[in-house]
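Dropping a structure here in structure tokens format, bear with me for questions.
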Amino acid sequence: MKTNSNDLVQPVKSDKIRVGGGDVYDGGLTKREYFAAMALQGALSNPHFSKGSAEDGETFQQFKDDLVRNSVQFADALIVELNKEVKDV
């Protein structure tokens with residue numbers, strides 16, 4: 001089963017008007033948003049991770065920008081890895 005980054009993590013069927021037939025789902029984060037949030041949460045929970053930034057002379061704005069960009073890149077990498085075919089061993 002392929003992981004689509006735009007699929008919702010916990011889709012909820014909506015009573016909204018359906019366009020083009022099919023069910024409409026809404027309410028929640030996409031898988032990409034969820035994976036990025038989890039990567040960000042993990043990084044921020046590590047006290048050694050944030051200490052390294054201050055010692056390098058990086059401003060908080062630079063640290064924050066790098067952190068959120070890297071979180072999204074981790075999410076994208078996870079989706080790519082999840083979509084690789086599993087070879088039988």
Side-chain angles (χ1 to χ4, degrees):
M1 181 170 125
K2 293 285 184 183
T3 296
N4 182 337
S5 63
N6 293 317
D7 285 347
L8 297 176
V9 175
Q10 296 176 326
V12 176
K13 202 174 216 180
S14 175
D15 293 331
K16 291 181 180 178
I17 298 172
R18 297 179 182 137
V19 177
D23 294 328
V24 175
Y25 292 89
D26 70 351
L29 299 171
T30 65
K31 289 181 180 181
R32 185 177 192 236
E33 292 167 335
Y34 180 74
F35 294 157
M38 296 301 290
L40 182 61
Q41 179 182 15
L44 290 174
S45 70
N46 180 349
H48 301 291
F49 183 79
S50 58
K51 277 186 186 175
S53 170
E55 293 169 2
D56 295 338
E58 188 176 50
T59 67
F60 178 73
Q61 185 65 43
Q62 291 168 321
F63 170 71
K64 183 180 70 164
D65 291 347
D66 289 344
L67 185 57
V68 296
R69 183 176 32 259
N70 289 337
S71 296
V72 172
Q73 289 173 347
F74 278 116
D76 291 342
L78 177 58
I79 291 167
V80 167
E81 191 64 29
L82 289 170
N83 284 327
K84 288 184 179 177
E85 284 192 37
V86 178
K87 307 271 187 211
D88 290 334
V89 180

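Along the sequence shown, residues are numbered consecutively beginning with 1. The model shown is predicted, which means the values in this text are computed figures rather than measured ones.
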Query - Single-linkage hydrophobic cluster Phe74~Val68, side-chain heavy atoms < 4.5 angstrom - result: no
Query raised in the report: In chain order, what residues pass the side chain to side chain donor-acceptor pair (under 3.5 Å) check against Asn4, with sequence neighbours excluded?
Result: none
Report summary line: Taken to the nearest 0.5 Å, the spacing of Leu29 CG from Leu8 CG works out to 8.5 Å
**Report entry** With sequence neighbours excluded, residues passing side chain to side chain donor-acceptor pair (under 3.5 Å) with Gln73
**Finding:** none
**Report entry** Any donor-acceptor pair under 3.5 Å from Lys31 side chain to Asp7 backbone
**Finding:** no
Query raised in the report: Quick one: salt bridge (charged side-chain N to carboxylate O under 4.0 Å, His left out) pairs with a partner in residues 69-79, sequence neighbours left out?
Result: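 Sorted pair list: Arg32-Asp76, Asp66-Arg69.
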Report task. Tell me whether Tyr34 is reachable from Val80 by hopping between hydrophobic residues (I, L, V, M, F, W, Y) whose side-chain heavy atoms are closer than 4.5 Å. Result ->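 No, no single cluster joins them.
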Report task. Kindly give the heavy-atom pair with the smallest separation between Ala75 and Ala36, and that separation in Å. Result -> CB-N, 3.5 Å
Query raised in the report: Do the side chains of Leu78 and Met38 join up, straight or via other hydrophobic residues, at under 4.5 Å, putting them in one cluster?
Result: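 Leu78 and Met38: one cluster.
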Report summary line: With sequence neighbours left out, the residues meeting side chain to side chain contact (heavy atoms under 4.5 Å, CB included) with Glu81 are Lys84
Query raised in the report: For the residue pair Thr30 and Val9, what are the closest heavy atoms and their distance?
Result: O-CG2, 3.5 Å
Query raised in the report: Does Val72 belong to the same Ile/Leu/Val/Met/Phe/Trp/Tyr cluster as Ile79, with side-chain heavy atoms less than 4.5 Å apart forming each link?
Result: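 They do not share one cluster, since no chain of ILVMFWY contacts under 4.5 Å joins Val72 to Ile79.
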